[in-house]
Amino acid sequence: MKLNEQGIKEKKQWEAAGYRLPEFDRQKMITATKENPFWIHFGAGNLFRAFQANAVQKLLNKRILDRGLIVAEGYDYEIIEKMLHPHDDLSILVTLKADGTIEKTVTGSVAESLALDSSDKKAFARLKEIFCKDSLQMASFTITEKGYGLTDGSGRVIAAVEKDLIDGPGSPQSYIGKVASLLYARYQSGEKPIAMVSMDNCSHNGDKLYEAISVFAEHWVKNGKADTGFKDYINCKESVSFPWTMIDKITPRPDASIEEILKKDGVFGLEPVITSKNTYAAPFVNAEECEYLVIEDEFPNGRMELEQAGFLFTSRETVEKVEKMKVCTCLNPLHTTLAVFGCLLGYTSISKEMQDPDLKKLIEIIGYQEGLPVVVDPGVLDPKEFIETVICIRFPNPFMPDTPQRIATDTSQKLSVRFGETIRAYLMSDRKKVSGLSGIPFVYAGWLRYLMGVDDNGNAFTLSPDPLLDTVCPYVNKIKLGDDVDTDALRPVLSNREIFGVDLYETGLSEKVCGYFKEMCKGVHAVRDTLKNVVSPVNERKEIYK
């Protein structure tokens, strides 16, 4: 069985092997989509194929939609050239369920795929044509938070961005410059309305997209490269909206074990491609079954009935509440906890960690006991049910090839939001309760212990990438297991609001964090011993932080 338009005509073979095929006339869908596109998506990665493309396929199968998606890739053009085009824009979604079953779907909702490349005159002209269509309602994005950045790590404007700001919308080279050029084409074609929808996993994502595009609009108008009305166009929400969204679906890198399953089914030509930009691309994607997409309902050109695919449309205020619920309480803090202690305790899979009763109890303490009392219920999703799904279904899923080492990446950038927000909420509501926290300060201490690069058996391990490693590691990397730790030397780190979200000395938590850290440095297996103490009933805990 070959994954292309001709190959899926062998319908009986695919269905006998347990695959769900598109249940609509795909050629008719492609024609209708190209003529009157309603949705173009930027970012042809795994999340898009596992979530947005599959959601549209469900609606096509139900005849709720008669048109599909167009996708553009602006970072790595080889994904289009070497993965999507050779498979006629088809892909295989393997949904890995917690009950041990897998669901295999051939996704065929993508009608057209294009490189967002201004040097490819034909492709860029086609993208402009799409943006000039009256029917276009939404342009969405999964390009990572870095995709919206206009400056480098030192704060200097990226060279391609600087050139685009001067040269105007004619032939831009930067990602957002090219998007702004397409939006300018839509403005020129009659100031047609559109929703520009970031679906990236970052706070206030719509604002990040707006701020990036507005820089181009302002410079182009100022430099005489664009009509003065272009700036007014993107600042009028009746013309162009930038909704906030919250997205949540775990979609790890395509796994070799999944590739083997598909090969045994008789599917051939599935070899992944590692592009010149080091992107690992495969014609299949593996993902968990749970998914959430909450969207601010601001669509100036109308929208399709995407709520029938499970998308939740609501107010901006509610989107923010959902995001805080997820990022500060119900998922991200628990993920980071498992990442830190998974590395220390020698785990290489999140699902295996969930079989560890001590770690499971720890995230239950952080989620249920410490997070839920101060979380704001957004109404559209129940926080307690969300945590229960995370702890009972999502994290324990043995088929999800997700690792604590991957999740531990950039931990210094995550602690202030994932845990600091909860501490600040207690400080605002009942400061006395801060002293009763145990799980959160234990994670802080665990991160310091992690930075030593030595696991609980005394073996060295490689720290995951993090921009602050060179800053924070010197405070702990000379400490040896069994040393009498001078915790006063940690003050510059523990008082750093950018890392923890609060000054731990001002909150009164520094003593507890230092106590946990000292205890975990006593020798081999000290991390495990301290963990057991933290998760034991309150009346059985040793007051090790005093």
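Positions are given from 1, in the same order as the sequence printed here. No hydrogens, no waters, no symmetry mates; every other heavy atom, side chains included, goes into these values.
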>> Set out, in order, the CA-CA distance, both residues' side-chain angles and the distance that settles salt bridge (Lys or Arg N to Asp or Glu O under 4.0 Å) for K208 and E211, then state yes or no.
In response: CA-CA 5 Å; K208 286 180 170 57; E211 288 161 6; over 6 Å; no

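Comment: E103 engages K97 in a salt bridge, judged by a side-chain N to carboxylate O separation of less than 4.0 angstrom. Taking the charged nitrogens against the carboxylate oxygens, D358 and K532 do have a contact shorter than 4.0 Å, which makes a salt bridge. Ion pair E364/K360 flagged as a salt bridge, since at least one NZ, NE, NH1 or NH2 atom sits closer than 4.0 Å to an Asp/Glu carboxylate oxygen. Of the charged side-chain nitrogens involved, none lies within less than 4.0 Å of a carboxylate oxygen, so that K433 and E370 do not count as a salt-bridged pair. With salt bridges taken as basic N to acidic carboxylate O contacts below 4.0 Å, none links D410 and K414. Between E388 and K384, at least one side-chain N (NZ, or NE/NH1/NH2) sits under 4.0 Å from a carboxylate O, which counts as a salt bridge.
D207 and W244 form a side-chain donor-acceptor contact under 3.5 Å, judged by distance and modelled atom types alone. No side-chain donor-acceptor contact under 3.5 Å links T275 and Y280.
For the atom pair NZ (K522) and CG (D483), the distance works out to 13.5 Å, reported to the nearest 0.5 Å.
Under the rule for a side-chain hydrogen bond (donor to acceptor under 3.5 Å, both in side chains), the partners of Y347 that lie at least two apart in sequence or sit in another chain are D356. Every residue two or more places apart in sequence or in another chain that forms a side-chain hydrogen bond (donor to acceptor under 3.5 Å, both in side chains) with S140 is listed here: W39, H41.
L183 places a side-chain heavy atom less than 4.5 Å from the side chain of I194.
Ring geometry, F419 versus Y444: the interplanar angle exceeds 60°, so the pair is classed perpendicular (tilted spans 30 to 60°). Between F395 and H335, the ring-plane angle classifies as parallel under the 30° and 60° cut-offs.
Contact record, I479 with M452: O-CE, 3.5 Å, taken as the closest heavy-atom pair.
No more than 12 heavy atoms of other residues, nucleotides or ligands shown are found within 6.0 angstrom of CG on N278. In this structure, K432 places its NZ atom where only 12 or fewer heavy-atom neighbours from other residues, nucleotides or ligands lie under 6.0 Å away. Other residues, nucleotides and ligands contribute at most 12 non-hydrogen atoms within 6.0 Å of the CG atom of D470.
Annotation: cation-pi pair K326/F386 absent, no NZ/CZ under 6.0 Å from the ring centroid and within 45° of its normal.
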